[in-house]
Visitor: 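I have a structure here, written as structure tokens, and I will follow up with some questions on it.
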Amino acid sequence: MPKREMPDAGEARTQRALRTIESMLDLQLLRTNLDAVAKRLADRPFALDTATFQALEQGRKDLQTRAQELQARRNALAKQIGQTKSKGGDTAALMTDSAEVNAELGALEKGAEEAQKRLQDFLAVVPNVPHESVPVGTSPDDNAEVRRIGAPRKFDFTPKDHVDLGARLGLLDFEAATKIAGTRFVVMKGAIARLHRAIAQFMLDVHTGEHGYTEVYVPYLVNAASLYGTGQLPKFKEDLFTVPRGAASGEADAGDFYLIPTAEVPVTNLVRDEIVPLEKLPLKFVCHSPCFRSEAGSYGKDTRGMIRQHQFDKVELVQIAHPAQSYAALDALTGHAESILQRLELPYRVVTLCTGDMGFSAAKTYDIEVWLPGQNAYREISSCSNFEAFQARRMQARFRNEKGKPEPVHTLNGSGLAVGRTLVAVMENGQQADGSIALPAALVPYMGGVQKIDPA
RNA sequence: GGAGAGGUGGCCGAGUGGUUGAAGGCGCACGCCUGGAAAGCGUGUGUACGGUAAUACCGUACCGCGGGUUCGAAUCCCGCUCUCUCCGCCA
């Protein structure tokens, strides 16, 4: 765990929890089902060194047990000294014993700390265990198509992509964005800017009004502890934009802010360090926010257009669910995202990511891919995942179960949907031979009755 | 940014070095009482890790966070952080 000075109370609490829990995986599960876990992790593929784990865990346990014995002895001696003193007795012998115990304890604690650290480092890079229903595979080619909804439209002209369409309309300006900020930004104007806003409003209304989500507005700058909670840190720091807090500048600081790469971070962290009452589950949140990603390592990928930007808007769905309900919740959440595409009359397909294509923290992920005529391909527009208790353990996000005991919740999220990519899909799928864009009926009320965007 | 006050259990609130995981109250749970309920009475009521398979029992840690002093720290010292009030600034 990277050193961070000046943690606030909540962060520190999480840090402490991480130290004691040590794992993103359930340590209990690891101990009792080590071989089964290792076998499934091999499908990702991830090689879990079970012998090393057992050695580290045994070492940690031995040290802890011994340290606790010594602590118990120290406490007993201290108590005795107090009692003896109050009676005016001689405490010299007791003090000697106590000094011995403390000497041994001091040495032991150092070793215990190191053992803890080694185990922590070992477990920090272990990804989540894939759910049994996840197909085994190593590349996107091994993803399993679940369903395909809607047929790609037949064009009697050669369809353009959104960049050309936007240029022709005079309403998408990548050059201006490059001048103002740099590559991977866009300036939208007029009807396209409004369409972008309309899409987000439409999604929010559907999810709050029909799917039972509570709309939330959250910080777009977050602290490091939140990013640890959802798993972006410590492993994926390069993907994030950092905002130095000190006016002084330059040097990285524990108090730094990070721009959110997705609303998943602030929204899921709502339950960090909380114990949610059983009857409150599931919690369902929807949040429209900008997202900021450095796209380090994506050089040369999707450089054209709005598909991969440093800044984009997204409407995010988050659920905090009872473990017994989380897979039903994943199906429901995916369906909620799909319903947006259906209402926008956009063809799409749903795939189950294979073990090799899933994210680090996910136990199961459905990607929803929308048809883009400009690319003649299905492109990801939403990714819906069940993290089971992986994030919850890092966050200390729990609920009080039927027996009254705190237990980690299951967390889920999915885009519902990425607004920029939806805009692209609406433009490309609705394009007419004359370069105008016919809008899906669902968006017309959000466009003040406008049904078609015409070139200026 | 300047000045001051404060962070104790689900909540309120005691507690300035010794048998305090923490008085008391509220809330909550169970029991008694009642035809039923309220009131009243009694008992209980934090989290994590470890010993264990165990929600039984035992141990350890935790009174904002980190460090220090001490045989012993909620209590003393240092650093930090957050909250509140006033001033300044500001959308």
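Per chain, numbering begins at 1; letters A, B, ... match sequence-line order. Remember, predicted model here, so these are calculated numbers, not experimental data.
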Visitor: Side chain of R398(A): nearest nucleotide among rG50(B), rC71(B), rU47(B)?
Guide: rU47(B)
Visitor: Atom CG of L119(A) and atom P of rG50(B): how far apart are they, to the nearest Å?
Guide: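 Between P of rG50(B) and CG of L119(A): 11 Å.
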Visitor: Using Watson-Crick or G-U wobble geometry with both distances below 3.5 Å, tell me the partner of rA73(B), or none.
Guide: none
Visitor: From CG of L105(A) over to P of rC71(B), roughly how many Å is that when rounded to an integer?
Guide: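 The distance from CG of L105(A) to P of rC71(B) comes to 14 Å, rounded to the nearest Å.
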Visitor: OP1 or OP2 of rA53(B) versus the side-chain N and O atoms of R31(A): is any pair under 4.0 Å?
Guide: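 R31(A) to rA53(B) OP1/OP2: no side-chain N or O under 4.0 Å.
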Visitor: In this structure, which one of V216(A), V218(A), D313(A) forms a side chain to side chain contact (heavy atoms under 4.5 Å, CB included) with H288(A)?
Guide: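 The option that passes is D313(A).
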Visitor: Roughly how many Å is it from CG in L77(A) to P in rU70(B), rounded to a whole number?
Guide: 17 Å
Visitor: Taking atom P of rC49(B) as reference, at what distance in whole Å does atom NZ of K61(A) sit?
Guide: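 After rounding, the gap between these two atoms is 13 Å.
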Visitor: With respect to the side chain of K79(A), which nucleotide from rA61(B), rG18(B), rU19(B) is positioned closest?
Guide: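 Selected nucleotide (nearest to the side chain): rU19(B).
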Visitor: Roughly, in whole Å, what's the span from NZ in K405(A) to P in rU45(B)?
Guide: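 It is 11 Å, rounded to the nearest whole Å.
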Visitor: Considering Watson-Crick and G-U wobble pairs with both distances under 3.5 Å, what does rA14(B) pair with?
Guide: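 Its partner: none found.
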Visitor: Side chain of A72(A) only, please: which of rG59(B), rG18(B), rU47(B) is the nearest?
Guide: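 Nearest listed nucleotide: rG59(B).
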Visitor: Within the 4.5 Å heavy-atom criterion, are E264(A) and Q391(A) side-chain neighbours or not?
Guide: yes
Visitor: Using a heavy-atom cut-off of 4.0 Å across all strands, would you classify L94(A) as base, sugar-phosphate, or nothing?
Guide: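 The answer is nothing, as L94(A) stays clear of every strand by at least 4.0 Å.
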Visitor: Over how many whole Å does the gap from Q80(A) atom CD to rG18(B) atom P extend?
Guide: 18 Å
Visitor: Distance check: side-chain N/O of R74(A) vs OP1/OP2 of rA61(B), anything under 4.0 Å?
Guide: yes
Visitor: Is there a donor in the side chain of Q319(A) and an acceptor in the side chain of Y213(A), or the other way round, less than 3.5 Å apart?
Guide: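 Yes, a side-chain donor-acceptor pair sits under 3.5 Å.
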Visitor: Between rC71(B), rA48(B), rC49(B), which nucleotide has the shortest distance from any of its atoms to the side chain of P406(A)?
Guide: rA48(B)
Visitor: Between C1' on rC49(B) and CG on D62(A), what's the gap in Å once rounded to a whole number?
Guide: 15 Å
Visitor: CD of E100(A) versus P of rC71(B): gap in Å, rounded?
Guide: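 Distance check: E100(A) CD to rC71(B) P gives 14 Å.
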Visitor: Looking at Q451(A), I want to see if its CD is surrounded by more than 12 non-hydrogen atoms of other residues, nucleotides or ligands under 6.0 Å.
Guide: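 Open: at most 12 neighbouring heavy atoms sit under 6.0 Å from CD of Q451(A).
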Visitor: If the C1' atom of rC80(B) is compared with that of rG7(B), how far apart are they to the nearest Å?
Guide: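 It works out to 14 Å between them.
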Visitor: Determine, step by step, whether R421(A) and F312(A) satisfy the side chain to side chain contact (heavy atoms under 4.5 Å, CB included) criterion, reporting the C-alpha distance in whole Å, the side-chain angles of both residues, the deciding distance to 0.1 Å, and the verdict.
Guide: CA-CA 9 Å; R421(A) 289 187 181 182; F312(A) 63 95; over 6 Å; no
Visitor: According to a strict under-4.0 Å criterion, is N102(A) in side-chain N/O contact with OP1 or OP2 of rG72(B)?
Guide: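 Indeed, a polar side-chain atom of N102(A) lies that close.
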Visitor: What nucleotide among rG50(B), rC71(B), rU47(B) has an atom nearest to a side-chain atom of R400(A)?
Guide: rU47(B)
Visitor: Mind checking the C1' distance from rC90(B) to rA73(B)? Whole angstroms is fine.
Guide: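 Straight-line distance between the two C1' atoms is 44 Å.
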Visitor: Is N75(A) close enough to rC71(B) that one of its side-chain N or O atoms is under 4.0 Å from OP1 or OP2 there?
Guide: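 No, N75(A) has no side-chain N/O under 4.0 Å of OP1/OP2 on rC71(B).
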